[in-house]
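Report on the following structure.
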Amino acid sequence: MSTGAQGGAQDGGPQDGGPHDGGHGEEHQPSPTSPAAEPAEDAGLPGGRALYYLTFLAIVAGIFAGFTGGAFRWVLIKADALRTDLADWAHAHGPWAWLVPVVVSAGAAALATGIASRWPMSAGSGIQQVEAAERAEDRAAPGTTIPARFVGGVLAIGAGGLVLGREGPTVHIGTAFGTLVGRIGRATLDEIRVLQSCLAGAGLAVAFNAPIGGAVFVFEEIAHKVRLRYLIWTIAAVAAAISCSRVILGNHPDFIVQKVAEPSIATLPLFVLFGIVIGLIGVGYNALVVRLMGTVRGFHRLPAVAKGALIGALIGVCLVYLPDAVGGGDAVTQRMLDGQQIAFWTLTLYLALRFCSGPLSYAAGTPGGLFAPMLALGTLSGVFFTRVVEFAGVSVDTDTRIALMMAGMAGLFAAVVRAPFTGIVLVMEMCALTSVSISMLTTALGAVIVAAALRSAPVYDTLREQMLAQEQARRLAKD
């Protein structure tokens with residue numbers, strides 16, 4: 001993974017913003033040019049205070065992250081239902097009623113962008129900022145991140161219908177609670193850094209009701225190493241967070257999938273080919289995210305709030321006429337997994353629109369992540385690939401069709417984020433299905449190889465580097 005990030009950046013978002021609020025002063029921060037020191041207990045099992053007290057702090061922070069993240073998901077579910085009702089109302093109340101959802105989406109996106117401009121650390125996904133803090137290139141997220149992420153995420157994803165993921169806010173909320181609890185508990189700066197990384201896994205686990213996936217995420221994407229202290233505190237934080245979130249949301253997988261058998265070995269070439277296709281889609285998706293962010297940021301004379309409003313208005317139009325092209329996409333994914341039939345050209349349209357609307361929504365700079373929309377895009381890609389090979393005369397049974405959709409989710413995640421094990425485990429937990437693991441591994445392998453061969457950098461490497469560049473530019477402007 002490449003390095004580069006800093007404090008005060010906007011999580012890769014396009015809007016302009018001031019310095020971060022809250023937290024320690026500059027004199028207490030680790031140097032952005034040197035790696036964080038690893039304490040001696042990393043060589044083996046931490047003992048004494050590090051083992052008992054920090055485990056207790058991880059549990060306390062996990063409890064707060066679980067209840068807050070669970071509440072965030074609950075509010076989003078209610079907001080999605082209200083947004084759907086508003087679109088139905090618009091269709092039933094005359095030729096000009098469509099303007100109401102458009103105004104609501106534009107207004108919600110504008111407000112969310114305003115929040116992100118006031119508290120820049122709440123913009124975008126936030127995962128790249130967590131990675132930067134883990135590498136001592138940025139300070140840990142302050143407590144102000146929690147309400148900014150919560151309110152801004154509800155506005156952008158729930159009310160606005162932007163094609164963004166709930167995992168960005170929940171991950172950052174988790175890390176902020178790790179930081180806050182660590183500071184109240186008088187933990188050292190290094191211990192706070194580790195706590196915020198472990199709580200990132202708790203946040204992701206809550207976002208997708210995937211405890212193992214959340215834990216793997218810490219080791220594969222955030223820390224890039226497995227240390228005993230990370231393992232102990234991550235398990236404690238994830239277990240506490242998931243237990244508390246299930247009090248609010250219940251204990252059930254995100255997607256209901258019928259039990260299927262692992263496709264036969266004879267179908268593996270099909271999954272290899274699909275891995276190549278999904279790898280190309282992932283490369284294009286990464287490039288479009290970066291390109292649209294740069295394009296939106298390039299309109300210097302237009303205020304950030306106005307940019308957010310314009311993007312929100314475009315999403316609002318889609319909400320009225322093409323509702324499956326907006327929102328997080330869970331409903332679309334579930335219908336595809338249920339076997340809903342859709343005309344080929346309609347499927348192609350939705351695939352193209354979601355491919356573009358996700359990066360465009362992210363370019364608005366509101367709170368929101370990239371993961372959840374990629375799941376819907378991967379599912380649609382699996383359905384599209386199935387239809388194409390069927391047109392070519394290849395017979396695809398129900399089990400293979402479902403496996404291709406699940407492989408599309410995991411493969412796109414692997415190509416874009418370059419964390420294949422996290423993607424595979426997340427999808428298996430979200431679908432409560434492990435019988436297609438070989439198919440997903442095969443597709444993810446092909447996707448990663450294609451992305452690497454085309455030199456497509458992992459998306460959070462790129463976003464972290466952009467954070468550094470923006471901060472350096474702001475410092476030069478002040479000087």
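Below, all heavy atoms of this structure are taken into account, side chains as well, without hydrogens, waters or symmetry copies. The chain is numbered in sequence order, starting from 1.
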Gly160 and Ile315 have their tightest heavy-atom pair at O-CG2, 3.7 Å

Glu390 and Ser395: side chain donor to acceptor below 3.5 Å: no

Are more than 12 heavy atoms, taken from residues, nucleotides or ligands other than Phe344, located less than 6.0 Å from that residue's CZ atom? yes

Looking only at heavy atoms, the pair that brings Val448 and Arg418 closest together is CG1-CD, 3.9 Å

Report, as yes or no, whether the 6.0 Å neighbourhood of atom CG on Leu349 holds more than 12 heavy atoms from other residues, nucleotides or ligands. yes

#### Entry: Under 3.5 Å donor-acceptor, Thr145 side chain and Ala141 backbone
no

Check ion pair Arg135-Asp461 (N to O, under 4.0 angstrom):
no

Between Glu221 and Thr422: side-chain donor-acceptor atoms closer than 3.5 Å: no

Check: Does the side chain of Asp330 come under 3.5 Å of the side chain of Thr333 through a donor N or O and an acceptor N or O?
Finding: no

When every non-hydrogen atom of Glu134 is compared with those of Ile222, the smallest separation belongs to CG-O, 3.6 Å

### Query
Under 4.5 Å between any side-chain heavy atoms of Glu429 and Pro253, yes or no?
no

Margin query: Could you check whether any side-chain N or O of Glu167 sits under 3.5 Å from a backbone N or O of Phe208, counting only pairs where one atom can act as donor and the other as acceptor?
Written below: no

- Task: Using modelled atom types only, decide if a donor and an acceptor are shared between the side chain of His172 and the backbone of Gly168 within a distance under 3.5 Å.
- Result: no

Worksheet item: Can you check whether Val206's main-chain N or O pairs, donor with acceptor, with Arg73's side chain at less than 3.5 Å?
Response: yes

Test Arg335 against Asp338 for salt bridge (Lys or Arg N to Asp or Glu O under 4.0 Å), laying out the working first. CA-CA 5 Å; Arg335 289 200 298 273; Asp338 289 340; over 6 Å; no

Does Ser435 use its side chain to pair, donor to acceptor, with the backbone of Val260 at less than 3.5 Å?
yes

Take Leu380 and Phe355 through the side chain to side chain contact (heavy atoms under 4.5 Å, CB included) test and state the conclusion after the steps. CA-CA 10 Å; Leu380 289 171; Phe355 181 87; over 6 Å; no

Rounded to the nearest 0.5 angstrom, the OG1-CD1 distance for Thr398 and Ile402 is 6.5 Å

